[in-house]
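This report concerns only the one structure given below.
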Amino acid sequence: MPQGQALRTGGDLVVESLAALGATTVFGEPGQHALGLFDALRRSDLRYVGCRTELSVAFAADGHARATGSVTPFMVSTGPGALGTLPALMESRAASVPVLAVSSQIPADGLGGRRKGYLHELPDQAASFRDVVKSVHVVRTAGQIAPALAAAWELALTAPAGPVLVEIPQDVLLAGTGIPAVTELRVAPRPLAPRAELVAAAADLLARAAGPVILAGGGVVRAGAQAALLELAQELDAPVATTFGAKGAFPREHPLSLQSWLEDRHLTAFLEEADVLLVVGSGLGELSSNYHTMRPRGRVVQIEADLGKLESNHPGLAVHADARLALEELARAVKSARTGREGAAARSGARSEAQPGSRSAVRDVLGRVAARLDAQDLALERSLLAAIDRALPEQALSFWDMTILAYWAWSAWPRPMESAQGAGGLGYALPAALGAAAATGGPVLAVSGDGGAMYGLAELATLRQHRLDVTWLIVDDGGYGILREYMTDAFGAATGTELARPDFAALAAAFGVPAWRTTPEDLESDLARALRTPGPSVVVLPAALRMFAPTHLAG
């Protein structure tokens with residue numbers, strides 16, 4: 001190596017590979033075995049955003065990936081550092097979010113069952129991830145680094161998208177290398193196209209149906225299939241309901257939109273009664289089927305990229321495919337089939353039987369949903385969601401924790417949102433929002449309850465350090481409000497749900513973050529002011545909220 005030239009290491013191969021693959025930002029938390037990675041960042045153009053816990057690191061990468069639609073990498077150390085990311089990676093897997101985890105490992109001479117007693121040593125660290133991420137790529141030499149990262153990146157983007165892990169020993173990261181700098185890595189995610197005979201069969205069922213209905217899941221959003229869904233729905237004149245993870249998949253105010261009231265029995269019944277129910281990008285799991293009370297009586301056509309979800313809850317015509325590719329081909333096939341049938345009917349002089357209008361059916365369902373809500377004393381909850389909607393800029397992203405207001409938003413929030421509903425863990429909203437703000441510049445809204453907020457308080461320092469434009473709304477009801485409600489309904493009393501908590505506004509101020517304590521009446525103006533304030537801010541709303549009455553218990 002020429003005199004004066006800096007030593008390149010395995011860590012440099014990692015950051016060079018990430019940059020060559022298209023990464024611009026990497027999230028992380030340093031640790032002893034991963035120092036070779038972080039030292040290499042010094043010599044890289046990658047933007048580094050350091051969080052305060054590994055859980056937040058992985059949640060932030062998730063939020064960044066959702067905001068960009070591409071792979072986001074993060075770096076953590078061995079053992080406790082790596083394991084701390086598992087709840088977030090579980091969320092990314094459930095929601096099909098492409099996250100690339102790069103973890104260090106103990107030195108190679110301690111691997112393979114040798115049990116040298118290194119700090120952070122596990123018998124098989126990678127085994128802890130194999131049932132959580134899509135794939136695990138174990139590196140043992142410097143020459144394996146770039147190919148492993150490229151393979152992981154490609155798989156993270158291949159439908160169904162999801163998180164992947166690359167594990168590299170400490171000594172490989174620190175050792176000098178003569179491998180040329182990585183300047184180009186090409187990946188080509190394999191398109192998951194539908195089989196032609198399945199498209200033809202699905203198109204025939206839908207074209208012949210008297211009252212087809214579509215249930216769009218989060219796979220439509222992840223695949224960018226919104227335009228194809230709209231085209232197919234309008235061709236069929238089919239009502240469209242969206243799952244909680246599919247907000248934004250279909251225009252909410254479209255006359256065919258059933259919105260997202262999946263926890264309402266009126267909508268459940270409407271889906272059940274469809275003679276053909278097209279399910280796209282949803283496995284019809286617990287939250288998408290009104291807690292497994294939905295029982296379709298007609299034919300089901302299911303388009304799903306995740307093979308394990310096909311027919312996992314209801315039998316039907318299973319189409320293993322990316323949602324966008326399948327919907328585009330299906331829209332063309334349905335249009336052709338209907339055109340041919342209408343031409344034949346015109347030539348024969350036959351008349352089709354008049355069917356009730358889809359648009360009037362949608363109005364009827366939504367009217368029944370509204371009437372059920374109006375019969376309950378829920379003005380506070382509905383007014384809070386409306387106030388947040390008015391305060392939030394039109395294109396701003398929002399991230400929601402598992403809290404009562406988010407449970408309301410799943411059904412009633414009128415625009416796209418991101419939440420931790422895939423895995424259902426706490427602590428998602430703030431770190432995911434900071435990840436999104438790093439991608440978009442903000443403003444971004446995070447919504448948490450006081451219980452979930454306790455998971456993310458340390459990230460106020462991250463927001464301040466990196467001057468990220470995130471407004472954090474904390475609804476403080478003194479405990480785990482939704483669990484309090486569940487336990488009280490089930491057992492007559494709640495146990496373990498009441499929480500001591502700090503003065504959130506004062507704590508935010510201690511981090512140098514502007515904070516406001518608000519009321520339901522002032523929420524809109526205070527939240528709008530916080531969102532207009534550059535950089536991080538916190539709005540605290542003391543309020544005890546209630547959920548609307550469930551319908552699945554009597555379903």
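Every heavy atom of this structure was used, including side-chain atoms; hydrogens, water molecules and symmetry mates were not.
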(Q) Please determine whether side chain to side chain contact (heavy atoms under 4.5 Å, CB included) holds for the pair L541 and D476, giving the CA-CA distance in whole Å, both sets of side-chain angles, and the decisive distance to 0.1 Å. (A) CA-CA 6 Å; L541 172 66; D476 184 358; over 6 Å; no
Q.
With a 6.0 Å cut-off (strictly less than), is the heavy-atom count around CZ of R415, excluding the residue itself, greater than 12?
A. yes
Q | Side-chain heavy-atom pair E16, T183 within 4.5 angstrom cut-off | A | no
Q) Could you walk me through whether I474 and V538 pass the side chain to side chain contact (heavy atoms under 4.5 Å, CB included) check? A) CA-CA 8 Å; I474 302 173; V538 172; 4.1 Å; yes
Q) Hey, does I404 have a side-chain heavy atom less than 4.5 Å from the side chain of V475? A) no
**Q.** Exercise: identify the closest heavy-atom pair between A60 and F27
**A.** CB-CD2, 3.7 Å
(Q) Just verifying a value: how many Å separate M402 CE and Y455 OH, rounded to the nearest 0.5 Å? (A) 11.5 Å
Q: Take atom CZ of R130 as the centre, draw a 6.0 Å sphere, and report whether it contains more than 12 heavy atoms from other residues, nucleotides or ligands.
A: yes
(Q) Just so I know, are the side chains of V76 and T85 near enough to count as touching, which here means a heavy-atom distance under 4.5 Å? (A) yes
(Q) Nearest 0.5 angstrom please: E286 CD to Y291 OH, how far? (A) 6.5 Å
Q) Once you round to the nearest 0.5 Å, how far does CG of D124 lie from CZ of F129? A) 11.0 Å
Q | From CA spacing to verdict: side chain to side chain donor-acceptor pair (under 3.5 Å), S448, W472 | A | CA-CA 8 Å; S448 299; W472 192 14; 3.0 Å; yes
(Q) Restricting to non-hydrogen atoms, name the atom on A23 and the atom on L46 that form the minimum distance, rounded to 0.1 Å. (A) O-CD2, 3.2 Å
Q) Is it true that R186 and E154 make a salt bridge, defined as a side-chain N closer than 4.0 Å to a carboxylate O? A) no
**Q.** Greater than 12 external heavy atoms within 6.0 Å of R501's CZ
**A.** yes
Q: Determine whether L527 and L523 make a side-chain contact, defined as any pair of heavy atoms from C-beta on separated by less than 4.5 Å.
A: yes
(Q) Donor-acceptor pair, distance only, cut-off 3.5 Å: does the side chain of D477 make one with the backbone of A543? (A) no
Q) Is the closest side-chain donor-acceptor distance between T242 and S260 under 3.5 Å? A) yes
Q. Can you tell me if K134 uses its side chain to pair, donor with acceptor, with the backbone of P160 under 3.5 Å?
A. yes
Q. Can you tell me if E54 uses its side chain to pair, donor with acceptor, with the backbone of G84 under 3.5 Å?
A. no
**Q.** Within-4.5 Å side-chain heavy-atom neighbours: S282 and S288
**A.** yes
Q: Say whether, by atom type as modelled, one donor and one acceptor occur between the side chain of D322 and the main chain of A193 under 3.5 angstrom.
A: no
**Q.** Pair T462-E459, side-chain donor/acceptor within less than 3.5 Å
**A.** yes
Q) With sequence neighbours left out, which residue pairs that include part of residues 19-35 fulfil the side chain to side chain donor-acceptor pair (under 3.5 Å) condition? A) H33-T78
**Q.** Heavy-atom closest contact (F244 atom, W410 atom, distance)
**A.** CD2-O, 3.3 Å
(Q) To check you understand the geometry: which heavy-atom pair defines the closest contact between A508 and L460, and what is its length? (A) CA-CD1, 4.1 Å
Q. Of the non-hydrogen atoms in A216 and L229, which two are nearest, and what is the gap between them?
A. CB-CD2, 3.7 Å
Q.
When you compare the side chain of V540 with that of T518, does any pair of heavy atoms fall below 4.5 Å?
A. no
Q) Within the distance-only criterion (no hydrogens, no angle test), does the side chain of H137 pair as donor or acceptor with the backbone N or O of E167 below 3.5 angstrom? A) no
Q) When you check the gap from the basic side-chain N to the acidic O, do R484 and E498 get nearer than 4.0 Å? A) yes
Q. Which one of D12, V14, T9 satisfies the side-chain contact (heavy atoms from CB on, under 4.5 Å) criterion with L173?
A. V14
Q. Taking the six-membered ring for Trp, are the ring centroids of Y48 and F38 within less than 6.0 Å of each other?
A. yes
Cut-off 3.5 Å, no hydrogens considered: what does the side-chain donor-acceptor table look like for residues 425-447, sequence neighbours left out?
| unit_1 | atom_1 | unit_2 | atom_2 | d |
| --- | --- | --- | --- | --- |
| Y428 | OH | D62 | OD1 | 2.9 |
| Y428 | OH | R66 | NE | 3.1 |
| T440 | OG1 | A436 | O | 3.2 |
| T440 | OG1 | G442 | N | 3.1 |

Q) About how many Å separate CG of L463 and CG of D469, when rounded to the nearest 0.5 Å? A) 10.0 Å
(Q) Looking at S56 and R52, would you say the former's side chain and the latter's main chain have a donor-acceptor pair under 3.5 Å? (A) no
Q: Would you give the length of the straight line joining atom NE2 of H64 to atom OG of S70, rounded to the nearest 0.5 angstrom?
A: 9.5 Å
Q) Is Q105 reaching over with its side chain to a backbone N or O of Q170, donor-acceptor style, under 3.5 angstrom? A) no
Q. Is the backbone N or O of R529 less than 3.5 Å from a side-chain atom of T533, with the two atoms forming a donor-acceptor pair by type?
A. yes
Q | Lys/Arg N to Asp/Glu carboxylate O, E91 vs R93, below 4.0 Å | A | no
Q. Could you state the interatomic distance from CG (L37) to OG (S77), rounded to the nearest 0.5 Å?
A. 8.5 Å
Q. Is V182 close to L185 at the side-chain level, that is, under 4.5 Å between some pair of heavy atoms?
A. yes
Q. Mind checking whether Y407 and Y486 have parallel, tilted or perpendicular rings, split at 30° and 60°?
A. tilted
Q: Mark yes when over 12 heavy atoms from residues, nucleotides or ligands other than M417 sit less than 6.0 Å from its CE; otherwise mark no.
A: yes
Q) Do S92 side-chain atoms and V97 backbone N/O form a donor-acceptor pair below 3.5 Å? A) no
Q: Assess whether side chain to side chain contact (heavy atoms under 4.5 Å, CB included) is satisfied between L83 and S128, documenting all intermediate values.
A: CA-CA 8 Å; L83 296 181; S128 300; 3.7 Å; yes
(Q) Under the criterion side chain to side chain contact (heavy atoms under 4.5 Å, CB included), I'd like the reasoning laid out for I482 against M547: C-alpha separation, chi angles, the key distance, then a yes or no. (A) CA-CA 8 Å; I482 192 66; M547 282 301 297; 3.5 Å; yes
Q | Backbone of L284 reached by a side-chain donor or acceptor of Q302 within 3.5 Å | A | no
Q: Before giving the answer on ring pair (Phe, Tyr, Trp, His ring centres under 6.0 Å), spell out for W413 and W408 the whole-Å C-alpha distance, their side-chain angles and the decisive distance to 0.1 Å.
A: CA-CA 7 Å; W413 183 248; W408 264 96; over 10 Å; no
Q.
Minimum heavy-atom separation for V280 and A323, please, with both atom names.
A. CG1-CB, 3.9 Å
Q) Is any side-chain heavy atom of P536 less than 4.5 Å from a side-chain heavy atom of L468? A) no
